[in-house]
Amino acid sequence: MKLEQLAQDPRVTVRRAGSPDSAGSAVVYWMQRTQRAADNPALSVAIEAANVLKKPVVVFFQLVPRSHHANLRHYQFLVEGLKDIAEGLKKRRVGFVIRRYPEHGIVRFCASVRPCLVIGDENPMLEAEHTKAKVVKQLRLPFWTVDADVIVPSRLLGKEHYAARTIRPKIHAQLRRFLTPIENVTAGVLWKPSSKFRSLAPESPLLDGFPVDCSVGPVSGFCGGSTEALKALDRFIRSRLNGYAKNRNRPELEATSQLSPYLHFGQIGPHTVALAAQRARAPLQDRRVFLEELIVRRELAVNFVRYNADYESLKSCEPWAEKTIGAHARDRRKILYTDMQLENAETHDPLWNAAQKQMVLTGWMHGYVRMYWAKKILEWSPCAADAYEIAVKLNDRYELDGRDPNGYAGIAWAIGGKHDRAWGPERQVFGKIRYMSYESTSRKFDSQAYIAGVNALEKRKVT
DNA sequence: ATCGGCTCGCGCAA
DNA sequence: TGCGCGAAGCCGAT
């Protein structure tokens with residue numbers, strides 16, 4: 001294997017070209033989005049490059065406050081995952097350096113390591129892209145990034161896709177090539193830690209004295225880390241994949257994988273999940289439906305965020321949606337709630353309140369209810385642009401998987417008709433945006449049971 | 001329980 | 001240029 005071959009892997013983007021300096025001391029993998037030591041294509045590229053160069057590999061992880069407006073809930077989950085990374089990297093003979101604000105800089109770290117090459121992982125979110133752009137300017141080193149958290153490298157899709165039906169055949173055509181096990185290669189040269197590259201211990205109280213937004217507390221139902229993620233995957237595959245197609249849209253049941261927090265932080269990768277589902281002994285229909293959501297719809301969301309720079313606002317939506325929303329901008333709203341009333345789950349609608357409470361209390365809301373939740377915010381807001389904004393704000397603040405392409409795509413679908421189509425008959429406020437009602441959702445699933453379930457959870461929390 | 005109509009525009013066949 | 005068909009819907013008819 002040659003370095004040029006590695007650079008030509010479709011998962012790899014060369015952000016700063018140049019031949020790796022063979023006088024350098026190591027290959028540095030700057031781990032951001034892909035927080036795992038196994039089935040991590042970015043780590044594999046780093047190790048393979050280092051093995052060609054006959055150098056060791058060190059993973060650099062930085063703890064930066066207020067990254068993507070994250071709060072204590074998110075940081076706690078993230079920090080819980082660091083121990084698994086440390087253990088996994090040790091097995092692969094790779095070093096691990098954790099630094100915390102204000103000693104967190106990758107540029108400073110590279111100045112002391114003098115790497116041959118720096119590898120990063122891909123993240124379509126704008127803030128992550130800006131951070132990388134800034135670092136590229138300062139690093140006088142070759143810098144590659146690896147698209148490690150999607151099955152089909154997002155670059156190969158080339159443009160923003162209009163709908164699931166346009167991206168689906170493109171993705172399916174690439175699965176044979178990309179839905180394959182990630183090789184967990186081991187470093188040939190062992191990284192030897194020295195005092196010069198001191199690291200914080202992953203199990204030390206990393207958040208003590210760290211300037212993090214504590215207004216949203218940690219949750220008890222989800223524990224971060226790759227080990228927990230694999231356990232959750234195993235439970236899902238063994239007990240819930242069978243029947244998934246039928247039950248996934250029944251939020252009163254525990255029928256979904258609940259892997260989104262782990263996928264968001266990269267503590268588990270889509271290859272691991274997809275291959276486990278593919279080889280599971282569940283009916284074909286269940287496996288198909290799950291893989292459609294995990295791969296086609298998840299990667300449609302990544303495609304949206306990557307190719308539509310307006311994903312944080314209603315501006316990201318299609319002309320037909322803009323038109324119909326505009327035509328109904330002056331419709332009288334029967335009910336208006338303030339941001340506070342929404343945040344405190346103080347609406348007249350018990351299903352909506354339950355959804356909001358599930359999110360606030362557990363850090364996770366059932367996928368089907370998320371649609372309803374967002375559509376009602378549109379119904380109860382002065383305008384669609386405000387609705388989009390408050391939905392994003394609440395989602396990003398309380399969901400463990402907030403600040404993720406999935407959240408933005410979901411809100412854009414519900415409020416702006418993204419990836420959807422016009423639906424008649426035209427209604428107040430919604431216009432031709434697809435509508436959902438309490439009455440009809442209650443026909444589809446046992447909303448009383450869902451509401452009761454969340455309320456029981458709330459009582460247990462209070463007492 | 002299941003079906004058709006509602007409605008728009010992309011992507012492809014022709 | 002025409003045509004098929006679609007990320008989760010609703011409603012009313014059968």
Side-chain angles (χ1 to χ4, degrees), chain A residues 150 157-173 243-253 255-257 260 285-286 288-305 307-308 311 316-328 334 349 351-352 355 365-379 384 387-388 391 395 401 404-447 450:
Chain A
V150 287
L157 279 332
K159 53 159 188 175
E160 187 188 0
H161 275 267
Y162 180 81
R165 78 187 156 85
T166 66
I167 207 173
R168 185 178 296 113
K170 306 263 191 295
I171 286 178
H172 278 279
Y244 180 80
K246 202 164 113 263
N247 296 329
R248 81 206 143 103
N249 286 345
R250 295 190 51 187
E252 78 277 24
L253 309 176
T256 62
S257 73
S260 59
Q285 183 62 3
D286 292 323
R288 260 203 207 130
V289 169
F290 179 69
L291 290 171
E292 161 78 11
E293 298 198 348
L294 175 72
I295 304 174
V296 175
R297 298 195 196 169
R298 183 170 176 273
E299 298 189 10
L300 176 61
V302 170
N303 174 267
F304 168 53
V305 165
Y307 291 106
N308 192 323
Y311 65 83
S316 60
C317 296
E318 308 299 333
W320 72 264
E322 214 176 309
K323 212 169 115 195
T324 192
I325 287 166
H328 290 268
K334 285 200 196 109
D349 178 340
L351 176 57
W352 194 93
M365 193 196 297
H366 188 283
Y368 190 81
V369 190
R370 288 191 198 205
M371 300 190 277
Y372 179 80
W373 175 84
K375 285 197 179 284
K376 291 294 139 179
I377 296 179
L378 170 60
E379 192 172 331
Y388 198 108
N395 181 78
D401 61 15
D404 186 279
N406 278 323
Y408 288 96
I411 289 164
W413 174 84
I415 294 175
K418 193 85 209 174
H419 305 145
D420 205 6
R421 57 164 162 147
W423 286 96
E426 214 160 325
R427 285 163 200 279
Q428 289 288 298
V429 182
F430 283 80
K432 291 168 185 169
I433 302 287
R434 189 192 297 253
Y435 179 73
M436 287 175 86
S437 75
Y438 178 82
E439 289 70 29
S440 66
T441 44
S442 300
R443 276 201 293 273
K444 290 189 172 137
F445 65 87
D446 188 347
S447 48
Y450 172 73

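Because the structure is predicted, anything quoted here is derived from the model rather than measured. We name chains A, B, ... by the order of the sequence lines, and we start the count at 1 in each one.
- The CZ-P distance, from A:F304 to C:dA7, rounds to 16 Å in whole Å.
- With rounding to whole Å, A:N406 atom CG is found 12 Å from C:dA7 atom C1'.
- At the phosphate of C:dG9, neither OP1 nor OP2 sits under 4.0 Å from any side-chain N or O atom of A:K432.
- When both distances must be under 3.5 Å, the Watson-Crick or G-U wobble mate of B:dT7 does not exist.
- Following rounding to the nearest Å, A:W423 (CH2) and B:dC6 (P) show an atom-to-atom distance of 12 Å.
- Taking atom CZ on A:R421 and atom P on B:dG11, their separation rounds to 16 Å, with Å as the unit.
- A:D349 and A:Y372 share a donor-acceptor pair across their side chains, judged by distance under 3.5 Å alone.
- The OH atom of A:Y435 sits 7 Å away from the P atom of C:dC11 (whole-angstrom rounding).
- Electrostatic pairing of A:K418 and A:E160 counts as a salt bridge here, judged by a charged N lying under 4.0 Å from a carboxylate O.
- Taking atom CD of A:E426 as the reference point, atom P of B:dC6 lies 14 Å away to the nearest angstrom.
- Comparing B:dG9, B:dG11, B:dC8 against the side chain of A:R165 picks out B:dG9 as the nearest.
- Proximity of A:R168 to the phosphate of C:dG6: no side-chain N or O atom is located under 4.0 Å from OP1 or OP2.
- Counting only heavy atoms from C-beta outward, the side chains of A:I433 and A:W320 approach each other to under 4.5 Å.
- Salt bridge status for A:E379 with A:K334: absent, with no side-chain N to carboxylate O gap under 4.0 Å.
- Backbone-only contact: A:M436 has heavy atoms under 4.0 Å from sugar-phosphate atoms and none from a base.
- Going from the C1' atom of C:dA7 to that of B:dA1 covers 23 Å, rounded to whole Å.
- Residue A:Y162 contributes atom OH, which lies 15 Å from atom C1' of B:dC12 at whole-angstrom precision.
- One distance of note links OH of A:Y435 with CG of A:L378; it measures 10.5 Å at 0.5 Å rounding.
- Close to B:dG11, at under 4.0 Å from its OP1 or OP2, lies a side-chain N or O of A:K159.
- Within the nucleic acid shown, A:W413 comes within 4.0 Å of at least one base atom, counting heavy atoms only.
- A 3.5 Å limit on both hydrogen-bonding distances identifies no Watson-Crick or G-U partner for C:dA7.
- A:K418 comes within 4.0 angstrom of nothing in the nucleic acid, heavy atoms only.
- If you measure from atom CZ of A:R427 to atom P of C:dG9, you get 13 Å, rounded to the nearest angstrom.
- To the nearest whole angstrom, the two P atoms, one in C:dG12 and one in B:dT7, are 15 Å apart.
- Listed nucleotides C:dA7, B:dT7, C:dC11 differ in distance to A:R443; the shortest reach to its side chain belongs to C:dC11.
- Remark: the backbone N or O of A:W373 is paired with a side-chain donor or acceptor of A:W352 at under 3.5 angstrom.
- Side chain of A:A422, nearest nucleotide from B:dG11, B:dC8, C:dG9: B:dC8.
- Close to C:dG9, at under 4.0 Å from its OP1 or OP2, lies no side-chain N or O of A:K375.
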